[in-house]
Participant: 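Quick one: the structure is below, questions incoming.
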Amino acid sequence: MVDFSDLVSNDNVVFKSYVFWSTILIVKTLFMAFLTARQRFKNKTFANPEDAGKYKAKVKYDDPDVERVRRAHRNDLENIFPFIFVGFFYVLTNPEAALAINLFRAAAIARIVHTLVYAVVVVPQPARGLAFFVCLGSTLYMAFKCICFFL
Amino acid sequence: MVDFSDLVSNDNVVFKSYVFWSTILIVKTLFMAFLTARQRFKNKTFANPEDAGKYKAKVKYDDPDVERVRRAHRNDLENIFPFIFVGFFYVLTNPEAALAINLFRAAAIARIVHTLVYAVVVVPQPARGLAFFVCLGSTLYMAFKCICFFL
Amino acid sequence: MVDFSDLVSNDNVVFKSYVFWSTILIVKTLFMAFLTARQRFKNKTFANPEDAGKYKAKVKYDDPDVERVRRAHRNDLENIFPFIFVGFFYVLTNPEAALAINLFRAAAIARIVHTLVYAVVVVPQPARGLAFFVCLGSTLYMAFKCICFFL
């Protein structure tokens, strides 16, 4: 098993790539709050009466544009956090560097594409489905490797 | 405090157990997406108009079967991710191995049972409540130990 | 880069502070379930028919008091988990101790305030917005540092 001391040395390119892409995905997830806010202001739809009152808007839980961004955001929580957890364990299995780095890269880019086609420009299927499955496949592959390794 | 180098050595049974059960729970959480999809196809109810159009289904946010699985999924995010975070910190407190491993095992099995009785076969209460509290109790116990240790 | 072996030594005050505040925030997040339950019993509104039947209550997905607590809870998942992920990576960049500890402390206290003003006593804006942005700003600052460091 890879030693944690090696892990955090400047030479461990797998761990560096893992932290880099995980942080990019976290920042992306955090920015979903602004995409939601943009839709709330555009459609004058808020979930809290105190916000709606302030902006002379209505309280509504089912505005299609707002809910679309919120579903994209929730989908991030459901998929990006598992990717980050499992990616950390996977780094500890001392994987082949090129494979591991490409898995992280593919998953991260797929999640960025997922947001774009789901909540920004709304591209027809199968764009969203494909982006979803690239990250899911990457995470499940890493999970499988971890389960075998840590059994 | 346990040294990270010990942590990732093959002999650290606590850390191995932690990673194993955490990964199992992550995979379980990821599979909730398929349980939701199954209900969406069964009840022909989708949240996105582009999906509904493709499968000649309706757009609806409150189908009881779909929402049940989505609540189970959200409950996973609310409880499994905290378990994985706190479990990692708890491993660092160098806990007694048998206790720690049984805490991980109990929490993980409880969450699997939670999904079964909530979103798969729908068993009457208190099955769901008991499964919920076993994982919550395990996480809160570990959190208490961590707060004392890292204070 | 900081060595993991240093990280978990008793002298690393940054890591200790990180674990302490992260655990506090996880416990806070877990307790949101009880705040939701309190509103469900008060307003006799449940999401599952088996729960509603047991307490002679109604099944409803849009009770304003229940949904307010659930939004606060979801906001925790969206912001506290990213804080914990990025905080861990940030500790590895060997940050200046006083700055790092105050970032953790500010973010954690802000999230506790967020819950109080959103879901417990309902204080008018900008209380909730300010609390939200303190944690978000802290996380984004740490993320920026991590991206530069691990690039």
Side-chain angles (χ1 to χ4, degrees), chain B residues 1-8 61-68 70-72 74-94 117-119 122-129 132-133 135-151, chain C residues 2-37 46-55 59-62 69-70 72-78 80-85 87-88 91-92 104:
Chain B
M1 196 186 293
V2 64
D3 190 293
F4 259 92
S5 314
D6 301 335
L7 198 67
V8 287
Y61 295 153
D62 58 357
D63 180 83
D65 295 338
V66 172
E67 292 309 310
R68 172 180 289 273
R70 293 184 81 235
R71 284 195 302 278
R74 181 175 153 158
N75 200 273
D76 280 349
L77 310 184
E78 294 170 357
N79 290 280
I80 289 177
F81 296 169
F83 166 79
I84 298 178
F85 281 127
V86 171
F88 181 68
F89 303 149
Y90 179 63
V91 171
L92 303 180
T93 68
N94 211 3
V117 302
Y118 199 175
V122 190
V123 171
Q125 289 280 25
R128 196 181 91 230
F132 172 82
F133 278 110
C135 180
L136 182 67
S138 162
T139 307
L140 287 176
Y141 170 81
M142 295 192 297
F144 174 73
K145 287 292 183 179
C146 290
I147 289 171
C148 296
F149 193 90
F150 289 97
L151 194 62
Chain C
V2 65
D3 190 295
F4 259 92
S5 314
D6 300 335
L7 198 67
V8 287
S9 80
N10 273 309
D11 299 338
N12 192 317
V13 288
V14 175
F15 188 66
K16 284 184 78 171
S17 169
Y18 161 74
V19 175
F20 175 77
W21 287 112
S22 295
T23 309
I24 294 285
L25 285 181
I26 289 289
V27 172
K28 191 216 76 58
T29 303
L30 290 171
F31 271 92
M32 299 305 282
F34 297 102
L35 284 186
T36 304
F46 291 83
N48 298 304
E50 66 269 28
D51 302 339
K54 195 175 164 193
Y55 300 112
V59 173
K60 214 179 147 187
Y61 295 153
D62 58 357
V69 180
R70 293 184 81 234
H73 196 170
R74 181 175 153 157
N75 200 273
D76 280 350
L77 310 185
E78 293 170 356
I80 288 176
F81 296 169
F83 166 79
I84 298 177
F85 281 126
F88 182 67
V91 170
L92 302 181
F104 300 150

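All values below come from the heavy atoms of this structure, side chains included, with hydrogens, waters and symmetry mates left out. To find a chain, count down the sequence lines: A is the first, B the second, and so on, and within it residues start at 1.
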Participant: Given heavy-atom pairs under 4.5 angstrom as the criterion, report whether the side chain, backbone, both or neither of Leu136(B) touches chain C.
Facilitator: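 Only the side chain of Leu136(B) comes within 4.5 Å of chain C.
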Participant: With a 4.5 angstrom heavy-atom cut-off, is it the side chain or the backbone of Pro82(B) that approaches chain C, or both, or neither?
Facilitator: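 For Pro82(B), backbone and side chain are both near chain C.
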Participant: Below 4.5 Å, heavy atoms only, C-beta onward: do Phe149(B) and Val19(C) meet side chain to side chain?
Facilitator: no
Participant: Can you confirm whether Phe31(C) sits close enough to Leu140(B) that some side-chain heavy atom of one is under 4.5 Å from a side-chain heavy atom of the other?
Facilitator: yes
Participant: Should we count CZ of Phe144(B) as having more than 12 external heavy atoms under 6.0 Å?
Facilitator: no
Participant: Could you look at Asp62(C) and say if it's the side chain, the backbone, both or neither that has a heavy atom under 4.5 Å from chain B?
Facilitator: neither
Participant: Measure the spacing between CG of Leu77(B) and NE2 of His73(C) and express it to the nearest 0.5 Å.
Facilitator: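 Between atom CG of Leu77(B) and atom NE2 of His73(C) there are 9.5 Å.
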Participant: Look up atom CG in Asn79(B) and atom CD1 in Ile26(C), then write down how far apart they are to the nearest 0.5 Å.
Facilitator: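 If I round to the nearest 0.5 Å, the distance is 10.5 Å.
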Participant: Do the rings of Phe85(B) and Phe81(C) sit parallel, tilted or perpendicular, given the 30° and 60° boundaries?
Facilitator: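 Aromatic pair Phe85(B)/Phe81(C) classed tilted.
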Participant: Can you tell me how far apart CZ (Phe150(B)) and CH2 (Trp21(C)) are? Round to the nearest 0.5 Å.
Facilitator: 15.5 Å
Participant: Looking only at heavy atoms and a cut-off of under 4.5 Å, which of Val86(B), Asn75(B), Leu151(B) has the most pairs with chain C?
Facilitator: Leu151(B)
Participant: Please classify the contact of Tyr61(B) with chain C as side chain, backbone, both or neither, using a heavy-atom distance under 4.5 Å.
Facilitator: neither
Participant: Below 6.0 angstrom between ring centroids: does that apply to Tyr18(C) and Phe89(B)?
Facilitator: yes
Participant: Taking every non-hydrogen pair under 4.5 Å, which of Leu30(C), Thr23(C), Asn48(C), Thr29(C) racks up the most with chain B?
Facilitator: Asn48(C)
Participant: Any salt bridge between Glu50(C) and Arg68(B), counting N to O under 4.0 Å?
Facilitator: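 Between Arg68(B) and Glu50(C) there is a salt bridge, with a charged N closer than 4.0 Å to a carboxylate O.
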Participant: Just so I understand: if I count every heavy-atom pair under 4.5 Å between each of Glu67(B), Glu78(B), Gln125(B) and chain C, which residue has the most?
Facilitator: Glu78(B)
Participant: Specify the closest pair of heavy atoms between Arg74(B) and Arg74(C), including all atoms of both residues, with the distance to one decimal.
Facilitator: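 That closest heavy-atom pairing would be NH2-N, 3.7 Å.
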